[in-house]
Amino acid sequence: MVKVNLGGCSSFTNDAEYKEYVEKALTAFDTLESETGAGNDFLGWKHLPTTTPESLITDCEAIRDSWKEKGVDLVVVIGIGGSYLGAKCAVEALSHSFSKQLSGKKDAPEIVFAGHNLSEEYICELTDLMQQRNVAAVVISKSGTTTEPAIAFRFVKQYIEKTYGVKEAAERIVAVTDAHKGALKSLSTQEGYRTFVIADNVGGRFSVLTPVGILPIVLAGFDMRAMLKGAAEMERKCSERNGDNPAVEYAAMRNLLYSKGKKIEILVSYNPKLQYLGEWWKQLYGESEGKDGKGIFPASVSFTTDLHSMGQYIQQGERILMETVVTVEKSNRSMTISDDPQNLDGLNFLTGKHVEECNAMAELGTKLAHIDGGVPQLSVSVEKIDEFNLGGLFYFFEKACGISAYILGVNPFNQPGVEAYKKNMFALLGKPGYEEQAKALNERLGK
Ligand code: PA5
């Protein structure tokens with residue numbers, strides 16, 4: 001169960017102003033629940049945890065099993081933004097930190113990601129890897145027209161067809177896309193790929209609990225049922241209309257702090273496995289809230305690592321920061337620090353302590369230091385890192401994001417700003433239809 005603790009904000013706010021923001025959050029909550037706000041045709045994510053059919057998971061498992069029979073040991077998952085970050089976050093959070101280096105037979109194929117950049121070197125190196133492995137691919141694009149995954153997919157498709165034959169390629173490629181439109185849909189129909197549908201009313205960054213996240217997570221060998229269970233628990237908790245609703249608490253406080261000049265929110269974790277939770281969260285909040293000249297800028301750090309790089313700024317730099325710490329109460333593994341008779345490092349006072357106790361004291365010490373330095377601390381805690389709690393975190397942050405953006409007065413479910421770079425890129429690459437824009441851009445570039 002995800003819990004929110006706002007104790008670390010008390011010296012920056014008072015009860016009256018917090019109450020005022022809880023009222024604003026409840027009004028925003030009503031807008032979201034009654035589906036009357038901006039972007040209300042994109043609310044399909046709200047009930048995914050409690051409505052996802054069991055058959056979706058068994059269909060994904062059937063693909064996992066058929067690829068296992070073929071000996072597939074590498075699955076390339078192609079996608080960008082919301083079609084990539086949720087699955088990447090789950091795979092990173094739930095995998096052994098050294099799964100790639102550990103020897104021994106693996107139960108699940110290795111999952112690698114592509115189509116989330118335009119680096120030629122990355123594609124070449126992916127090809128090097130594919131050449132040594134038994135490969136299948138999942139290509140994910142809601143629109144079916146996004147350039148980055150489309151380019152990566154050309155290479156992966158060609159590689160698979162060349163290596164295994166066109167007929168077998170259709171067994172080794174699965175697409176996740178729109179039910180009817182987009183180039184990926186047409187291509188999948190033509191090639192006979194198995195496909196999964198992303199519902200019209202679920203936007204990319206809210207799609208981790210659709211086949212966009214479910215298929216790669218199942219293929220990676222994780223328990224999707226437990227993840228949906230955790231998300232369902234938060235769906236219930238976050239649909240209560242009161243000030244104890246964690247999504248209401250979080251949305252209210254971060255907007256209150258924003259109104260007081262805290263323009264940057266840093267998502268903090270103390271376990272490197274949660275680094276990509278930060279990446280997923282940044283997209284969710286950045287793309288949902290950053291518009292109309294408004295929005296908290298989302299950043300993320302991994303502590304204690306980044307205390308040795310970003311810690312100085314956070315402690316003493318410009319006072320525009322708030323932190324949201326994702327606290328994990330229990331470590332999944334246990335290791336105590338042993339005694340060293342020479343004690344040259346002077347650390348024998350730690351003998352018998354768990355490493356996680358040092359981590360917890362670092363977290364507590366940092367919290368107090370950052371509060372003293374003028375950085376309010378919001379806390380979002382879970383019991384441990386597992387599928388259940390990760391599902392809860394996904395749902396909690398999505399619901400809070402919808403509420404928060406409505407408090408701010410923006411449409412959480414569109415992203416008009418991301419078109420600007422695409423138009424310029426297409427013009428500069430000579431796409432037909434962009435001739436006028438290309439001329440203007442080239443003049444600006446002095447070409
Ligand atoms: O949240 C969003 O809508 C975007 O980040 C998209 O997920 C991203 O641009 C990828 O789009 P698509 O799935 O259409 O390829």
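Both ligands and their constituent atoms are indexed starting at 1 by order of listing. Scope of the values below: all heavy atoms of this structure, side chains included, with no hydrogens, waters or symmetry mates. In what follows, residues are counted from 1 in the order of the sequence shown.
For Arg172 and Tyr164, the positive end sits near the middle of the six-membered ring, less than 6.0 Å away and at most 45° from its axis. At least one cation-pi condition fails for Lys423 and Tyr434: the charged atom is not both under 6.0 angstrom from the six-membered ring centre and inside a 45 degree cone around its axis.
Between the side chains of Gln275 and Ser302, no donor N or O sits under 3.5 Å from an acceptor N or O.
Remark: Phe297 engages no residue in a ring pair (Phe, Tyr, Trp, His ring centres under 6.0 Å) (not counting sequence neighbours). Contacts of Glu249 classified as salt bridge (Lys or Arg N to Asp or Glu O under 4.0 Å), with partners at least two apart in sequence or in another chain: none.
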For residues 204-222, dump all side-chain donor-acceptor pairs below 3.5 Å to protein atoms at least two apart in sequence or in another chain.
from: Arg205; atom 1: NE; to: Ser288; atom 2: OG; distance (Å): 2.8
from: Arg205; atom 1: NH1; to: Gln415; atom 2: OE1; distance (Å): 2.5
from: Arg205; atom 1: NH2; to: Pro412; atom 2: O; distance (Å): 2.8
from: Arg205; atom 1: NH2; to: Asn414; atom 2: O; distance (Å): 3.0
from: Arg205; atom 1: NH2; to: Gln415; atom 2: OE1; distance (Å): 3.2
from: Ser207; atom 1: OG; to: Gly82; atom 2: O; distance (Å): 3.3
from: Ser207; atom 1: OG; to: Gly204; atom 2: O; distance (Å): 2.6
from: Thr210; atom 1: OG1; to: Ser207; atom 2: O; distance (Å): 2.7
from: Thr210; atom 1: OG1; to: Val212; atom 2: N; distance (Å): 3.1

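Near ligand 1, residues Ile80, Gly81, Gly82, Ser83, Ser141, Lys142, Ser143, Thr146, Gly204, Arg205, Gln283, Glu287, Gln415 come within 4.0 angstrom through at least one heavy atom.
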